[in-house]
Each structure stands twice: as structure tokens, then as C-alpha cells.
Protein chains: 2
Amino acid sequence: MSTRRATISDVAREAGVSASTASVVFSGKTPTSEATRARVIAAAEKLGYTGPDPRAASLRRGRSGIVGVVFDQHLGTAFLDPVTTHMMDGLADGVSRLGAALLLLRDDGHTVSEPSLHTAPIDAAVLIGCSPRMRDSLEIVRARGIPVVVIEGDAGEGIPRVLLDNTEAQRQAAQHLADLGHADVVIVTLPIDIDRRRGWIPDDAEARVDVTADRLAGARQVFSHAPALAAATSSIDEGAIAGRTIFADPARRPTAVIAQSDLLAAGVVRAAEEAGLQVPRDVSVTGFDGVVVDGLAPHVLTTLVQPATAKGRAAGEAVAAMLEDATPAGLDLTCTFRAGTTTAPPRST
Amino acid sequence: MSTRRATISDVAREAGVSASTASVVFSGKTPTSEATRARVIAAAEKLGYTGPDPRAASLRRGRSGIVGVVFDQHLGTAFLDPVTTHMMDGLADGVSRLGAALLLLRDDGHTVSEPSLHTAPIDAAVLIGCSPRMRDSLEIVRARGIPVVVIEGDAGEGIPRVLLDNTEAQRQAAQHLADLGHADVVIVTLPIDIDRRRGWIPDDAEARVDVTADRLAGARQVFSHAPALAAATSSIDEGAIAGRTIFADPARRPTAVIAQSDLLAAGVVRAAEEAGLQVPRDVSVTGFDGVVVDGLAPHVLTTLVQPATAKGRAAGEAVAAMLEDATPAGLDLTCTFRAGTTTAPPRST
DNA sequence: TTGTAGGCGTTATCAG
DNA sequence: CTGATAACGCCTACAA
């Protein structure tokens, strides 16, 4: 079996037809007589031909049937977040109508190894995340002339992006707390920039990550002077770390914490309980995302439910549309406020 | 801009060199004079040429730089399991030395939509999971003559696969319980077949999923008559469902439960506590995987720690090796027993 | 160091 | 319904 793989011409020859006819038999793009069809199939079987080489086909067609999904962090880290997971599901759905599969790409700037944005045979790209580095990825993809959709990202003019009403949604949660009577509030944010450094955000600092900035703005519309503490990533552990910082000094405990994600909120709840505080009696906590957080029972987070799967699907359908020269639509999605059991009026002193 | 994209020959012409020279400049496979190099780069810039078309390059090279990862379930579902997540990380690592990226493929048998195993431009494939359906995927890939590695799967002869010492590891956990004095034990298993049906497994039934069968066998080496209850998937919720079944009848409660995954174990612990039992005083619970389970605090599961990331990396390196005509090695991995706080001697009656 | 030649395997087009 | 032809864009011996 040291002979080279059979090609469609081999099959055609074996079947006594032309290569183009054999091609048509496999693609089904043009009617063929039952007889030739059968002969071609038989020949293919005999030669062990398993169908057109996708590489050649994609060169000829100018399409590879692959959509790149670009992350700005370790895949494992990215997938730790249920929101991402759901989004991927939606994305897979969205592009499937295009008959495409998803290629996982990580743009970590290193660019040392080759499987990069520069060289991947993708028909379109979906950029996920919001780090400033995304701008670079965007540049690369655009230079290649590849249609691109950004999810929750800091895109430039003319780049379709799937957006959430982060600011307005977060404002609702803040307003909910205000309505309950809270005034002393601390905000736990997602990373504010690519360094993902933890810590209190100075007043003059600007979050360079859109989601973070938008949600922060929403909260500040209600609590304009609330201090904000940045987490290094969206996870329960990070939330707990932030929470411990917040609850460390009994004299300076806020009556409510606005966390920018459910995972962070869960961590804050945990830290509160570690500190001997009861949620929501002693402190109220709100999240963001509306995902199921394991280990939070019996609490039900007061949160903003975001349509994660829909987000992915919207992006998928958008690239599908762009590949068909249509204008993508329906990219603005809305979060829904959900009152849970983690918020209550502040304890009267 | 209605003109077609520039090709390497355009660039070459613009730079006043031959196409092959331009090619070499981009690939760097052959030394070029600094002068030509500069001219080519300049020409490329001028024409907006962003590098060789990957489709053409991969046809010519016979390589696409893409490794397919085949799942047998919804991506979202698959990624819900931290073990999978870590494995993907390792996999990404493993293939990166090959300069490859990962293509997510779902083999759901439907085969209705096209982005399938049949047509994806992949250089190699990694099959994940253990459902009988994997056999079909395997067949397809092998027919295409693509190197393939199976992780924890039910492969045939001659297919390299990454394996855990599931049976032996699970036996250790069982032995640990036996040593503590337990005799009345129930096993909570992963799905036993593709239907993922919950329920008690009849004695004459055979688990058709390798992992499940192997771990079950390991437990039965010590507790040969322990009843086994199948879960529908590996999750905390499923574990809790199983746990409720097990602890429903106070008269028939076991003194220990062997769960085939940490997530299931966490669910069992939760169910036990719901039933008013204390872990490990009233009931001991062991898991499998060694992942961090949120929400289990303050318990630390007694479990078998499996090298999840290493598993992925091993698979990645194996396909890399196969693509270089080498023989993959180091595919047998070992779990490590970790004693936690969820096991103790049975309460003396 | 650079150029020439030939082909990687397929499919779109168009004529028969 | 079938066949001839001509790219698709690039790469790699090999020769100069």
C-alpha cells in the first residue's frame, strides 16, 4: 500500500468517465444518470477513494468551511466560564447552517507558533473577549479580508458586533439595590485590562475592557462614588478573594456588593459567609450572567440573565450572512433582571 | 476594490522577482538577499498582500495544520466537565508543537449538515469519549487514511489510545473503603451506554462505555456484589439525583458510596446532607478525577486524581508523532489516590 | 541566491 | 447528461 492515494481522476478513469463527471457524482450539483453514478461509486469503492480532498476542494471553491473562534486566553480558562460554553454551543449552531465547523484559535500575542490567525484557512472569524489585544487580532483578520464578527468586544467602525446592553442592565441591578435602601456599595469588576491585575481601581483609571467599563458605568449611574475592586478573572475563587478584601475590615463593610459576574458573586457570597455575615441579611450581593452556579445553593443570585447561547448563535448567523454578502442583523441583545434571594434591604443599624 | 485579491505572483511581478523567490521570502525556507527580501515585502505591502493563501498552501503541502477533535455530544455539554476542559488545554499544547490548531467536530450521527468528519480538512483526529458511536467516527477517519488517536475510547486494534488505569485506580479507592471497614457499598456510575438512561444496573447488564465498565470492574474487584446505579451524565445534579435514590430508604442505606466522577460524588454528598446524613460520619463518599469541585467546601473529596491535562497533551503529542511517521509513545497514564475528608470508618451500630 | 517548470486535486464553465 | 479545458494559488526540486 505504498501507492499514493487515489484521486478523483483515478476513480474517473476506473469508471470510464471524465473527471468532471466523477466530481459531479460526488457533489451532486448536477443530475447524473443512475448508471454512471453507480459505476463511479463502485470505482471509488474499489480504489478506496473516500471523497474529494477537502484541501483541493477548498482551494478551488475559495471556501474552507471553517470559522475561526479567537480567544484571548487559555482555552481552559475561557471554557471555565459557563457563559463561554453556552456561547460556543450557540455559535456551533449558528454556523452550522453554513455547514461550517469551528476552529479554536488563541491569540496570545506570542505568535511564535504558527497555527495563527495569519495562516489559518478560515472563511470567517469570530472574536471573543474584549482585551485591547483583540484590536491586533482584528487588524490581522481584516487585512486578510476575512469577514469578522466581534462578540462583546472593542471593535472599530464598521465591524459587526454582538452586543449586550451591559450598562443599562447593570444600572437596573444597581437601581434595585438603591430601591431597597442601599447606599454603601462596593463593585467587584471583571479584569480591567490585559494584565488582569487585582486591586482597587483608582478613580482616574479607565477600564480598558469594554464589558468591564460598561457595567461599571451602569453601576455608577446609580452609585456614582462606589469603590470598585478588580478581579483577575471571572471565577468563584477570584470572587472570594475580592470578597475577603472587602469584608476584611468590619468597620468598613458595605451593605451591598455588585459583582460583574455570577461566578464572582458566588465567591463574594462565600467570602461573606466566611466572615460570618449572612446573605442577604448582612450584605446583599448581585451577579451578572444568569448562569447556574454550582455550590451556591440554597441561594439564588439576584442577577442579570444574559442570553449567552443566543449571543453565540447571533454571531454565527452573522458570519453566515456576511459570507453570503448579506448584512448581518439582530446583533443587539438584551439582559433580563432576575430577582433572587441574595438581595434584601440593608440591616437597620 | 472590486479587483481580485493579489497573489504571490502579483507581488513577485511588482517586486521584479520570480514567484518562487517571493514564496521563499514568505516561507523563509531558503536564504534570500536582504535586498530582494525588502523589495518583496514592500511590494506585498503595496498590493495589500497578507501572505500565502492557506488553502493553496495546504493543497500543495498536503497539510492543513488542523487537528480535528471529535466529540460525541453537544459541545456545551462536553465542556461542562472540567476534565474535558483541562484535556482541551493539554491537547492545544500538545499539537502546538506541530503548529496546528484544533477543529471542533461533533459526530452526532445526524450527518445531515456538512461540516463533518468526512469533509473537514484535518491532518489528524482525536476522538474523545467512549460511546459506541465512536466506532463509526473511527471508521470514517481511518477510511480517509488520517492518523487518529482515541482518548479513553473503545478503539479497535492498532489505534493508539490514551488510557487511564481506571480499573486499578478504582480498585484502590474501593480497597481504601474496605480497609476502613465498609462492606455495604453502592456504586454510582457514569452513563453505561449511549442512551444515558438513569437507573439500577441489572447484574447481567454490561456497560458499553469503557470508562464506566472499567471503573465498575475495579470497584467490584473489592465489593463484588455492590449494586450500581447509573447516572445520565457526569454532573453534580445527576449525582444528587442518584444520591436521593440511594438514601431514600433509611433502612437500606449503604455506609459508603463509590462515585465514578467527582461531580457525581459532589452530588451524592449533597443528597446525603439533604437526607440529614453527615459525611463522612454517616456515609463515606469517593469520587474520581481529582478536579476542583465548586461548592463542595469544606469537604475535600477522597478521589483518584487523573492527569487530565497530561491526557490531552499526550494525545496531541501522539498525533504530532504520527504525522512525522514516528510511533506515538507514553499513552498510558496513571491516576493517583488522594485521601480526602469524605471517607471514614463506618459508624459502629 | 534566484529562476524555471510542473503539478498538488478539485471544480466551474461551457460546449456538445 | 457528459466531457474538455482551464484555472484555484502555491511550493519544491532542480537547474542556472
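Predicted model, so just to flag it, every value in this text is computed and none were measured. Residue numbers begin at 1 in each chain, while the letters A, B, ... track the order of the sequences.
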ask   = Within this structure, what is the CG-to-P distance between A/Asp10 and C/dG7, rounded to whole angstrom?
value = 15 Å
ask   = Whole Å only: how far is the CD atom of B/Glu34 from the P atom of C/dT2?
value = 10 Å
Euclidean distance, atom CG of residue B/Leu47 to atom P of D/dG9 [Å, nearest integer] = 14 Å
task = Identify the two heavy atoms, one from A/Val319 and one from A/Ala124, that lie closest to each other, and give their separation to 0.1 Å.
result = CB-CB, 4.0 Å
key: A/Arg144 CZ - D/dG9 P separation (whole Å)   = 14 Å
Separation of D/dT2 P from A/Arg37 CZ (nearest whole Å) = 11 Å
key: Nearest heavy atoms of A/Met87 and A/Lys311, plus distance in Å   = SD-CE, 3.6 Å
request  = Can you see which heavy atom on B/Val40 is nearest to which on B/Ala15, and at what distance?
outcome  = CA-CB, 3.9 Å
ask   = What is the distance, rounded to the nearest whole Å, between atom CG of A/Asp53 and atom C1' of C/dG7?
value = 14 Å
message = Output the rounded distance in Å from CZ (A/Arg55) to C1' (D/dG9).
response = 15 Å
ask   = B/Ser18 side chain N/O closer than 4.0 Å to the phosphate oxygens (OP1, OP2) of C/dG3?
value = yes
inquiry  = Taking only side-chain N and O atoms of A/Ser33, does any of them lie within less than 4.0 angstrom of OP1 or OP2 on D/dT2?
reply    = yes
remark   = Winner on side-chain proximity to B/Val17, out of C/dG9, C/dT2, C/dG3, is C/dG3
ask   = Which atom names give the shortest non-hydrogen contact between B/Ser9 and B/Ala19, and what distance separates them?
value = CA-CB, 4.4 Å
ask   = Between B/Thr36 and C/dT2, does any side-chain N or O lie under 4.0 Å from OP1 or OP2?
value = yes
message = Testing the basics here: between B/Pro54 and A/Arg144, what is the closest heavy-atom pair and its distance to 0.1 Å?
response = CG-NH2, 3.3 Å
query = Going by an N to O cut-off under 4.0 Å, is there a salt bridge joining A/Asp123 and B/Arg55?
reply = yes
remark   = On DNA chain C, more 5' by nearest nucleotide between A/Thr7 and B/Ala35 is B/Ala35
request  = Measure from the side-chain N and O atoms of B/Arg142 to the backbone N and O of B/Val148, and report whether any donor-acceptor pair falls under 3.5 Å.
outcome  = no
ask   = Which parts of nucleotides 11-16 of chain D does protein reach within less than 4.0 Å, heavy atoms only, written one letter per nucleotide 5' to 3' as B for base, S for sugar-phosphate only and - for none?
value = BB----
remark   = Among the nucleotides D/dC1, C/dT2, C/dG9, whichever has the atom closest to the side chain of B/Thr32 is C/dT2
task = Would you kindly give the CG-to-P distance between A/Leu59 and C/dG7, to the nearest whole Å?
result = 17 Å
